[in-house]
Amino acid sequence: MLSTQRSDDDDQYMLVACLDNVRNVSTILKAIHFKDTATVFASPMGLKITVEDAKCVQANAFIQEAIFHHYVIKEEQLAFKINLTVLLECLTIFGSSSMPSGNTSLKMCYAGYGCPLILMLEEEGVLTDCNIKTLEPDDVLDFDFCSSNVINKIIMKSECLKEVFSELDVTSDILQILMSPDHPYLQFSTFGNAGSTHSSFPKDSEMVESFQCSQTQTNRYKISLLKPSVKALALSTRISIRTDDRGFLSLQYMIQTEDGQICFVEYYCSPDEEVDHNEES
């Protein structure tokens, strides 16, 4: 098994990570795959993969060190940019079979700045190597979303929001989110050609696990920016919805891997300021 192989050659690498089931990584990466390129940050805690669009939305996938059965890093942090589309194609080179007998094991190696990311995959005795070119990382956007500035925070079971997002009015450009300590507590609204629609959840709903709202906030977000997060929502069991004092939105999805490990995908989205100056629908 590739996953149990140890090589003296590993000494040349700054990062070596192995796992027995590549889907534990590829599934999480698919949840943030809405742009071709991603920035990878590796630390002793694990991997953070960041994808951004239009400096208005950012997705982060957190793959903890515990997901890997072997994880060695020689620096406090390594960072590089990579083509996420190519990475996913390599990770699923044996197909995305969900049969237990079809597990693909992965060994991932990175020797440092300017070097390619090397993937060694093995399934049922068949081995393949992939070398993916890495680029100098861009400066990623700092949304400066700190817990001390969070105004409202609600943790919910994901299933109810899957229904809300699947029924969004596609003719509406924006999604309005109201969070309040008072009725209607949590409300999602769209304003499309057929009029406005509203979905509300009381704070004592069995779908709401934690309700911490200190003041009423109503913010609007472009649906086009939120759409990529639906991939993560579909995989998740719980979601944390937070807004800060600027109206910035954080959606954190808790996703369980096939092996029972927990990973997180987080989306940050800036409010649609232009709408505030237009007439209310």
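Since we're looking at a predicted model, the values are computed, not measured.
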How long is the straight-line distance from [atom2] of [Y] back to [atom1] of [X], given to the nearest 0.5 Å?
X: Met120; Y: Leu106; atom1: CE; atom2: CG; value: 8.5 Å
X: Cys263; Y: Gln64; atom1: SG; atom2: CD; value: 5.5 Å
X: Met254; Y: Thr237; atom1: CE; atom2: OG1; value: 3.5 Å
X: Ser250; Y: Lys153; atom1: OG; atom2: NZ; value: 9.0 Å
X: Arg242; Y: Ile151; atom1: CZ; atom2: CD1; value: 12.5 Å
X: Thr243; Y: Asn152; atom1: OG1; atom2: CG; value: 4.5 Å

Please determine if [X] and [Y] form a salt bridge, counting it only when a charged side-chain N lies under 4.0 Å from a carboxylate O.
X: Lys35; Y: Glu52; answer: no
X: Asp272; Y: Arg220; answer: no
X: Asp138; Y: Lys81; answer: yes
X: Asp129; Y: Lys107; answer: no
X: Arg238; Y: Glu159; answer: no

Please tell me whether [X] and [Y] have a donor and an acceptor in their side chains that are separated by less than 3.5 angstrom.
X: Asn24; Y: Asp259; result: yes
X: Asp10; Y: Gln12; result: no
X: Gln252; Y: Tyr267; result: no

Can any side-chain N or O of [X] pair as donor or acceptor with the backbone N or O of [Y] at less than 3.5 Å?
X: Lys74; Y: Asp11; value: yes
X: Tyr71; Y: Gly46; value: yes
X: Lys157; Y: Val208; value: no
X: Tyr13; Y: Leu15; value: no
X: Glu122; Y: Gly125; value: yes
X: Asp53; Y: Val57; value: no
X: Asn21; Y: Arg23; value: yes

For [X] and [Y], work out which heavy atoms get closest and say how close.
X: Glu76; Y: Pro44; value: O-CD, 3.3 Å
X: Leu233; Y: Leu161; value: CD2-O, 3.7 Å
X: Ser229; Y: Tyr253; value: OG-OH, 3.3 Å
X: Ser196; Y: Phe191; value: CB-CD2, 3.6 Å
X: Ser26; Y: Leu88; value: O-CD2, 3.6 Å
X: Ser236; Y: Ser158; value: OG-OG, 2.7 Å

Would a 4.5 Å heavy-atom cut-off, applied to side chains only, mark [X] and [Y] as touching?
X: Ile82; Y: Thr37; value: no
X: Thr218; Y: Ile177; value: no
X: Gln217; Y: Ser180; value: no
X: Leu19; Y: Val25; value: yes
X: Thr39; Y: Phe80; value: no
X: Ile154; Y: Met179; value: yes
X: Met14; Y: Glu75; value: yes
X: Pro228; Y: Ile32; value: no

Testing [options] one by one against [X] for a side chain to side chain contact (heavy atoms under 4.5 Å, CB included), which residue passes?
X: Ile67; options: Leu47, Thr257, Ile262; answer: Thr257
X: Cys90; options: Ile93, Thr92, Val86; answer: Val86
X: Glu123; options: Thr128, Asn103, Thr104, Val22; answer: Thr104

| task | Please test Lys227 against Ile223 for side chain to side chain contact (heavy atoms under 4.5 Å, CB included), starting from the C-alpha separation and ending with a verdict. | result | CA-CA 6 Å; Lys227 267 185 180 173; Ile223 287 182; 3.9 Å; yes
Same cluster or not: are [X] and [Y] linked, directly or through other Ile, Leu, Val, Met, Phe, Trp or Tyr residues, by side-chain heavy atoms under 4.5 angstrom apart?
X: Ile241; Y: Phe165; result: yes
X: Phe41; Y: Leu119; result: no
X: Ile155; Y: Phe188; result: no
X: Val40; Y: Leu84; result: yes
X: Ile28; Y: Val140; result: no

| request: Please report the C-alpha distance between Tyr268 and Phe248 in whole Å, then the side-chain angles of each, then the deciding distance to 0.1 Å, and finally whether the ring-ring contact (aromatic ring centres under 6.0 Å, His included) criterion is met. | output: CA-CA 7 Å; Tyr268 293 114; Phe248 279 65; 8.8 Å; no
| task | Decide yes or no on side chain to side chain contact (heavy atoms under 4.5 Å, CB included) for Thr50 and Asn60, but give the supporting numbers first. | result | CA-CA 5 Å; Thr50 300; Asn60 296 293; 2.6 Å; yes
| Among Asp169, Asp173, Thr197, Thr171, whose side-chain hydrogen bond (donor to acceptor under 3.5 Å, both in side chains) with Thr190 holds? | Thr197
| Ring centres of Phe201 and Tyr185 under 6.0 Å apart? | no
| task | For Leu226 and Leu249, run side chain to side chain contact (heavy atoms under 4.5 Å, CB included): C-alpha distance rounded to whole Å, both residues' side-chain angles, the deciding distance at 0.1 Å, then the answer. | result | CA-CA 10 Å; Leu226 292 176; Leu249 177 69; 3.9 Å; yes
| said: Could you walk me through whether Gln212 and Ser214 satisfy the side-chain hydrogen bond (donor to acceptor under 3.5 Å, both in side chains) test, starting with their C-alpha distance in whole Å, then the side-chain angles of each, then the deciding distance to 0.1 Å, before giving a yes or no? | reply: CA-CA 7 Å; Gln212 302 170 38; Ser214 59; over 6 Å; no
| Does the side-chain hydrogen bond (donor to acceptor under 3.5 Å, both in side chains) test come out yes or no for Tyr221 and Gln176, once each step is laid out? | CA-CA 6 Å; Tyr221 306 93; Gln176 179 176 287; over 6 Å; no
| Would Ser105 and Asp20 satisfy side-chain hydrogen bond (donor to acceptor under 3.5 Å, both in side chains), going step by step from the backbone distance to the final call? | CA-CA 4 Å; Ser105 57; Asp20 290 326; 5.6 Å; no
| More than 12 heavy atoms from other groups under 6.0 Å of NZ on Lys203 | no
